[in-house]
*Asks:* 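Following this message is one structure expressed as structure tokens.
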Amino acid sequence: MDHELNPLVTYGLFAAWALHDAEEVAFGPRWLRENLPRLKERFPGVPEQVWRAAGSVDDREFRAAVAVMAVVVGSAAVAGGRSGGRSAFYQGALNGFGLHGLVHLAQAAAVRGVTPGSVTSPLLVVPFTLWARGRLRRAGVLRPARARDVVTGLAVAAGATVLSHTVARQVAPRF
């Protein structure tokens with residue numbers, strides 16, 4: 001096994017993420033502002049503080065959060081490249097990226113329409129993740145995925161998102 005790994009498998013994570021997040025930057029904050037009243041009506045069980053927090057994210061803060069996430073994803077891609085795909089950080093980020101794509105698809109299904117990130121998720125995010133995992137498997141370096149890894153991957157992705165927005169909220173007003 002242990003075949004040489006194509007650098008697209010590792011560094012491609014950053015490229016795929018950048019294309020996907022370009023969609024989110026282009027449509028995210030505006031879409032949320034325009035759809036917030038409809039979302040509140042459709043999902044009345046969501047606490048008001050969640051809606052207030054979501055509605056308070058402006059374009060500048062969102063772009064800053066994406067920049068912070070770029071550092072996280074870029075670091076994971078570099079760790080993957082340097083380790084020949086063996087890095088747990090890289091594989092966790094790859095898995096989190098794929099799961100994040102599935103979350104976008106679930107969001108689109110829940111609102112019965114297109115949401116920011118739901119276009120590139122089935123076209124890029126999920127296929128790239130499956131392709132990269134297949135390449136890692138063929139190279140003999142893919143770590144086995146267990147149910148708890150899925151939960152951990154989603155938790156890490158959510159934590160990275162919260163961290164990105166927390167940093168962005170502090171940094172964005174200065175620019």
*Asks:* Within a strict 4.5 Å, meaning less than it, do heavy atoms of the V57 and L32 side chains meet?
*Replies:*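 The answer is no, as the side chains (C-beta and beyond) never meet within the 4.5 Å cut-off.
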*Asks:* Among pairs that include at least one residue of residues 69-119, which meet ring-ring contact (aromatic ring centres under 6.0 Å, His included), considering only residues two or more places apart or in two chains?
*Replies:* H20-H100, H20-H104, H100-H104
*Asks:* Does one hydrophobic cluster hold both L5 and L8, with members joined at side-chain heavy-atom distances below 4.5 Å?
*Replies:* yes
*Asks:* Only counting residues at least two apart or in another chain, list the ones meeting salt bridge (charged side-chain N to carboxylate O under 4.0 Å, His left out) with E41.
*Replies:*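 Listed in chain order: nothing, the list is empty.
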*Asks:* In this structure, would V103 and L99 fall into the same cluster of hydrophobic residues linked by side-chain contacts under 4.5 Å?
*Replies:* yes
*Asks:* Does G117 offer a backbone N or O that forms a donor-acceptor pair with the side chain of E23 under 3.5 Å?
*Replies:* yes
*Asks:* Show every ring-ring contact (aromatic ring centres under 6.0 Å, His included) that has at least one partner inside residues 33-56, sequence neighbours left out.
*Replies:*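 Sorted pair list comes back empty.
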*Asks:* Partners of F128 by ring pair (Phe, Tyr, Trp, His ring centres under 6.0 Å), sequence neighbours excluded?
*Replies:*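 F128: ring pair (Phe, Tyr, Trp, His ring centres under 6.0 Å) contacts with W131.
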*Asks:* Assess the residue pair L94 and L136 against the criterion (side-chain contact (heavy atoms from CB on, under 4.5 Å)); give the C-alpha distance rounded to whole Å, side-chain angles, the decisive distance to 0.1 Å, and a yes or no.
*Replies:* CA-CA 11 Å; L94 176 66; L136 293 169; 3.8 Å; yes
*Asks:* Would a single hydrophobic cluster contain both L39 and V50, if residues Ile, Leu, Val, Met, Phe, Trp and Tyr are joined by side-chain heavy-atom contacts under 4.5 Å?
*Replies:* yes
*Asks:* Nearest 0.5 angstrom please: S56 OG to R169 CZ, how far?
*Replies:* 4.0 Å
*Asks:* For R135, give me all partners under side-chain hydrogen bond (donor to acceptor under 3.5 Å, both in side chains), at least two apart in sequence or on another chain.
*Replies:*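 Result, side-chain hydrogen bond (donor to acceptor under 3.5 Å, both in side chains) vs R135: none returned.
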*Asks:* Any sub-3.5 Å donor-acceptor pair from S121's side-chain atoms to S118's backbone N or O?
*Replies:*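 Not at all, since once roles are kept as given, no pair shorter than 3.5 Å links the two residues.
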*Asks:* Could you check if a side-chain atom of D59 sits within less than 4.5 angstrom of a side-chain atom of R33, using non-hydrogen atoms only?
*Replies:* yes
*Asks:* Please tabulate, for the side chains in residues 77-85, all donor-acceptor contacts under 3.5 angstrom to protein atoms that are two or more places apart in sequence or on a different chain.
*Replies:*
from : atom 1 : to  : atom 2 : distance (Å)
S83  : OG     : A79 : O      : 2.9
S83  : OG     : G80 : O      : 3.3
S83  : OG     : R86 : N      : 3.1
S83  : OG     : S87 : N      : 2.8

*Asks:* For D21, is there an ion pair with R63 - N to carboxylate O distance below 4.0 angstrom?
*Replies:*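 No, no charged N to carboxylate O under 4.0 Å.
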*Asks:* Grab the two heavy atoms, one from A65 and one from S164, that are nearest each other, plus how far apart they are.
*Replies:*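 Heavy atoms of A65 and S164 come nearest at O-CB, 3.4 Å.
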*Asks:* Quick one: closest heavy-atom pair of G98 and V126, and the distance?
*Replies:* O-CG2, 4.2 Å
*Asks:* What distance do Q91 atom CD and R143 atom CZ have between them, rounded to the nearest 0.5 Å?
*Replies:*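 Separation between the atoms: 5.5 Å.
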*Asks:* Applying side-chain hydrogen bond (donor to acceptor under 3.5 Å, both in side chains), can you list everything that pairs with H165, at least two apart in sequence or on another chain?
*Replies:* none
*Asks:* Going by salt bridge (charged side-chain N to carboxylate O under 4.0 Å, His left out), name the residues that satisfy it together with R38, two or more places apart in sequence or in a different chain.
*Replies:*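 Listed in chain order: nothing, the list is empty.
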*Asks:* As an exercise, state the distance from OG1 of T120 to CG of L19, rounded to the nearest 0.5 Å.
*Replies:* 8.0 Å
*Asks:* Take a 6.0 Å sphere around OH of Y11 and say whether it holds more than 12 heavy atoms from other residues, nucleotides or ligands.
*Replies:* yes
*Asks:* Suppose we screen for side-chain hydrogen bond (donor to acceptor under 3.5 Å, both in side chains). Which residues come up paired with E48, at least two apart in sequence or across chains?
*Replies:*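 Applying side-chain hydrogen bond (donor to acceptor under 3.5 Å, both in side chains) to E48 gives K40.
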*Asks:* Who are the side-chain hydrogen bond (donor to acceptor under 3.5 Å, both in side chains) partners of R146, not counting sequence neighbours?
*Replies:*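 Applying side-chain hydrogen bond (donor to acceptor under 3.5 Å, both in side chains) to R146 gives D149.
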*Asks:* Nearest 0.5 angstrom please: R137 CZ to L130 CG, how far?
*Replies:* 9.0 Å
*Asks:* Out of curiosity, L142 CG to R133 CZ, how far, rounded to the nearest 0.5 Å?
*Replies:* 4.5 Å
*Asks:* Taking salt bridge (charged side-chain N to carboxylate O under 4.0 Å, His left out) as the definition, give me every residue that meets it alongside D58, ordered by chain and number, with sequence neighbours left out.
*Replies:*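 Once residues adjacent in sequence are excluded, D58 has no partner under the salt bridge (charged side-chain N to carboxylate O under 4.0 Å, His left out) criterion.
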*Asks:* Test of understanding: with ring pair (Phe, Tyr, Trp, His ring centres under 6.0 Å), list the residues that count as partners of F14, not counting sequence neighbours.
*Replies:* W17
